[in-house]
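Since the structure comes first, as structure tokens, the remarks are kept for the end.
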Amino acid sequence: MTTVRTRIAPSPTGDPHVGTAYIALFNYCFARQHGGQFILRIEDTDQVRSTRKSEEDILAALKWLQLEWDEGPDCGGPYGPYRQSERSEIYREHVQHLLDKGHAFHCFCTAERLDAVRKQQMENKQQPGYDGHCMSLSAEEVQQKLAAGEPHVIRMKVPREGKCVIKDLLREDVEIEWSQVDMQVLMKSDGLPTYHLANVVDDHLMKITHVIRGEEWINSAPKHLLLYQYFGWEAPVLCHMPLLRNADKSKLSKRKNPTSIGYYQRMGYLPEAVINYLGMMGWSMPDGNEKFSVQEMVANFDIHRVSLGGPVFDTQKLDWLNGRYLRESLSDEEFLQRYAEWALRTDALRQIVPLIKPRVERFSDVVPLAGFFFSGMPAINAESFAHKTLSAEDQLKILQFVAWRIEEIKDWKRDVLEQALVELAGKLEIKIRDFLYPLFIAIAGTAVSTSVIDSIAILGLDLSRARLRHAMQVLGGVSGKQQKKLEKDYQSLRGAAQQGEGDN
RNA sequence: GUCCCCUUCGUCUAGAGGCCUAGGACACCUGGUUUUCAUCCAGGCAACAGGGGUUCGAAACCCCUAGGGGACGCCA
């Protein structure tokens, strides 16, 4: 019997996501249960969005949750490198092999042409996809274009008839018609592979036996299976987990929920509670016990106990669980130690000191002044927002716009933030002083406080956004209709500066 | 629009044809303990999406409908 090997393959394009931890947990448990290995691979083939900072944060977050990997970019292993950006040559060789075998072809189509084709197909109510335009190019034409240095990608060929049968560990065979499968780009014009190629090549080379991943991948499984076939490799066992959901059942997103693991860390949740909670999303202990460690989960693990309905990530139960850990699992001494570790993060405190020092006369002033950096949501109600000129509606608008605006900030720095807010206030034609008022209440719980811009900068995006969201709710919330209008206003306000951004 | 997946209390779930009058947990409500509050304890509210089959028997199996979600990128 071959050794079971599973992996988590995050893309370092943002904050460490609870969904990543969720999938990692199940891969980890499956591997450990079978005495196998769990591998961490960084999928950073998106040069534009991937960052080292994000990679470091993801590693730290998974470590915090005690999900330890046997091989990875930090600790190496026999099948490295474990960072896709360092494996370009491997992909190039493999894609060349596909080209030689006639399983892939060069494509010189422009983005404009592809958009037009897609639009046309949509109008004709067809499944949008590549129309095979460049497949008809002769070998000479291709050589000519390549010699002329024309930008191009490499696409995989896909059968036009028949269907693909996907075996999944958790469901009946899934059948997808090949006609529904697009001629996926395997190699981008920058010479780097897309997910589909890199993933298949790496999983094979790294001897991954079981691919446990989110349900969102089911539809692209045929592409992957076809690639295994083209290469003449045995495909790993596939297993698609349900997706974590927002309260409205849509896929968990940071717009509607705090999704970054860092948020839960900074809000004072214990890693053992967070991982335990993730373990009860779609899975349960055979004896029904709800408080369990990762070790206990491994000992009792059975992938078939996964239920397929997408679980709503509702933190009420996490709160209860965390409370149990705090009071049942920690001695007073341990509590003290863990609390101190959490509260006295010198890096965070160092940022706060310059803000409060000018305002204190005694150390005893510190907690009342800076307490909001360490608390959860400030204790506020609708009256907290009473203002001489701004109505609740005005304030709601400001809060929502700011929530949206700070999401777009890539370079999270105080000055960048300040500039963004000043600009936004200007466009709204509200005096900055008034504009900041609801932010003070939302963030610090009071208008008598340290600079709110600095506060947001220090709290970070997740914590700040959660407070803005909380404040909006306190102010009565925004209806779906209002939301739409606000969104429209916001878009026109942002104008050309607006740029799309992923939600994960 | 096309394709795919899913569907048990508000939420997380148990349930592999008779053990189901559907169990547990969170939340909520009530009561008890507690100088208050919290904890803790006891109790309560609350669900098999709908319709057809199959079967002696269906929450479980099949079909249809509805609802929800996902995928359709030179993102992963």
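Keep in mind that what you see is a predicted model, and the values were worked out from it rather than measured. All chains are named by letter (A, B, ...) in the order of the sequence lines, taking the proteins before the strands, and each is independently numbered beginning at 1. We use all heavy atoms of the structure for the numbers below, so side chains are in, but hydrogens, waters and symmetry mates are not.
Proximity note for Lys249(A) (side chain, C-beta onward) versus C40(B), G1(B), C12(B): the nearest is C12(B). For Gln127(A), whose side chain is taken as the heavy atoms from C-beta onward, the closest listed nucleotide among C4(B), U2(B), A14(B) is U2(B). Taking every side-chain heavy atom of Lys251(A) into account, A71(B) is the closest of C26(B), G1(B), A71(B). Listed nucleotides U39(B), G24(B), C4(B) differ in distance to Glu290(A); the shortest reach to its side chain belongs to G24(B). Counting only heavy atoms from C-beta on, Arg245(A) has its side chain closest to G69(B) among G69(B), C74(B), A71(B). Here the side chain of Trp320(A) is nearest to one of U11(B), A25(B), A76(B), namely A25(B). Side-chain proximity of Lys188(A) to C74(B), C6(B), C72(B): nearest is C74(B). Nearest to the side chain of Val312(A), among U11(B), C6(B), U13(B), sits U11(B). Picking from C74(B), U11(B), A71(B) the nucleotide with the shortest atom distance to the side chain of Val153(A) gives C74(B). In the set C74(B), G69(B), C3(B), the nucleotide with an atom closest to the side chain of Gln180(A) is C3(B).
Pairing partner, G1(B): C72(B), with both Watson-Crick or wobble hydrogen-bond distances short of 3.5 Å. Using N1 to N3 plus N6-O4 or O6-N4 for Watson-Crick, or N1-O2 and O6-N3 for G-U wobble, each under 3.5 Å, G67(B) pairs with C6(B). Judged by Watson-Crick or G-U wobble contacts below 3.5 Å, the nucleotide C48(B) has no partner. Figure legend. C40(B) is base-paired to G32(B); pairs are counted as Watson-Crick or G-U wobble with both atom distances under 3.5 Å. Look at C61(B): its Watson-Crick or wobble partner, with both distances under 3.5 angstrom, is G53(B). When Watson-Crick and G-U wobble pairs are counted only if both distances are under 3.5 Å, U11(B) pairs with A25(B).
Within the nucleic acid shown, Cys164(A) has no heavy atom closer than 4.0 Å to any nucleic acid atom. Looking at heavy-atom distances under 4.0 Å, Pro311(A) makes contact with sugar-phosphate atoms alone, never a base. Gln121(A) comes within 4.0 angstrom of no nucleic acid atom, judged by non-hydrogen atoms across all strands. Counting any heavy atom pair closer than 4.0 Å across all strands shown, Met187(A) reaches no nucleic acid atom. Backbone-only engagement by Gly309(A) is indicated by non-hydrogen atom pairs under 4.0 Å involving sugar-phosphate atoms exclusively. If you check every strand for non-hydrogen atoms under 4.0 Å, Arg305(A) touches sugar and phosphate atoms only.
Here the separation of C9(B) from A46(B), taken at their C1' atoms, is 5 Å to the nearest Å. The same atom, C1', is picked in A25(B) and in U8(B); the two are 15 Å apart, to the nearest Å. Atom P of U11(B) sits at a distance of 22 Å from the matching atom of A71(B), rounded to the whole Å. One C1' atom belongs to C56(B), the other to A66(B), and the distance between them is 31 Å to the nearest Å. Atom C1' of A47(B) sits at a distance of 24 Å from the matching atom of C63(B), rounded to the whole Å. Nucleotides C3(B) and U21(B) place their C1' atoms 43 Å apart, quoted to the nearest Å. U7(B) and A59(B) have their C1' atoms separated by 12 Å, given to the nearest Å. Across the P atoms, A22(B) and C48(B) are found 11 Å apart, a figure rounded to whole Å.
Exactly one residue among Asn27(A), Asp70(A), Thr6(A) makes a side chain to side chain donor-acceptor pair (under 3.5 Å) with Arg32(A). That residue is Asp70(A). Checking each of Thr259(A), Leu252(A), Leu243(A) against Phe313(A) for a side chain to side chain contact (heavy atoms under 4.5 Å, CB included) leaves exactly one that passes, namely Leu252(A).
Residue side chain Arg171(A) does not reach the base of C5(B) through any donor-acceptor N/O pair under 3.5 Å, judged by distance alone. For Lys317(A) and A25(B), a side-chain-to-base donor-acceptor distance below 3.5 Å is present, hydrogens and geometry of angles not being considered.
OP1 or OP2 of A38(B) has not a single side-chain nitrogen or oxygen of Arg327(A) nearer than 4.0 Å. OP1 or OP2 of A76(B) has at least one side-chain nitrogen or oxygen of Thr45(A) nearer than 4.0 Å. One finds a side-chain N or O of Ser284(A) lying less than 4.0 angstrom from the OP1 or OP2 phosphate oxygen of A14(B).
Side chain to side chain, Tyr325(A) and Asn276(A) meet the donor-acceptor criterion of an N or O pair below 3.5 Å. For the residue pair Glu296(A) / Asn300(A), no side-chain donor-acceptor distance below 3.5 Å is found, with atom types taken as modelled.
Using a cut-off of 4.0 Å between Lys/Arg side-chain N and Asp/Glu carboxylate O, Glu487(A) and Arg255(A) are scored as salt-bridged. Classification of Glu407(A) and Arg465(A) as a salt-bridged pair holds, one side-chain N sitting under 4.0 Å from a carboxylate O.
Taking the centre and axis of the six-membered ring of Tyr277(A), the NZ or CZ atom of Lys317(A) falls outside the cone set by 45° and 6.0 Å.
If you find the closest nucleotide of RNA chain B to Ser189(A) and to Ile176(A), the one lying nearer the 5' end belongs to Ile176(A). Each of Arg324(A) and Val306(A) was matched to the nucleotide of RNA chain B holding its nearest heavy atom; the match closer to the 5' end belongs to Val306(A).
No side-chain heavy atom of Leu137(A) sits less than 4.5 Å from a side-chain heavy atom of His106(A).
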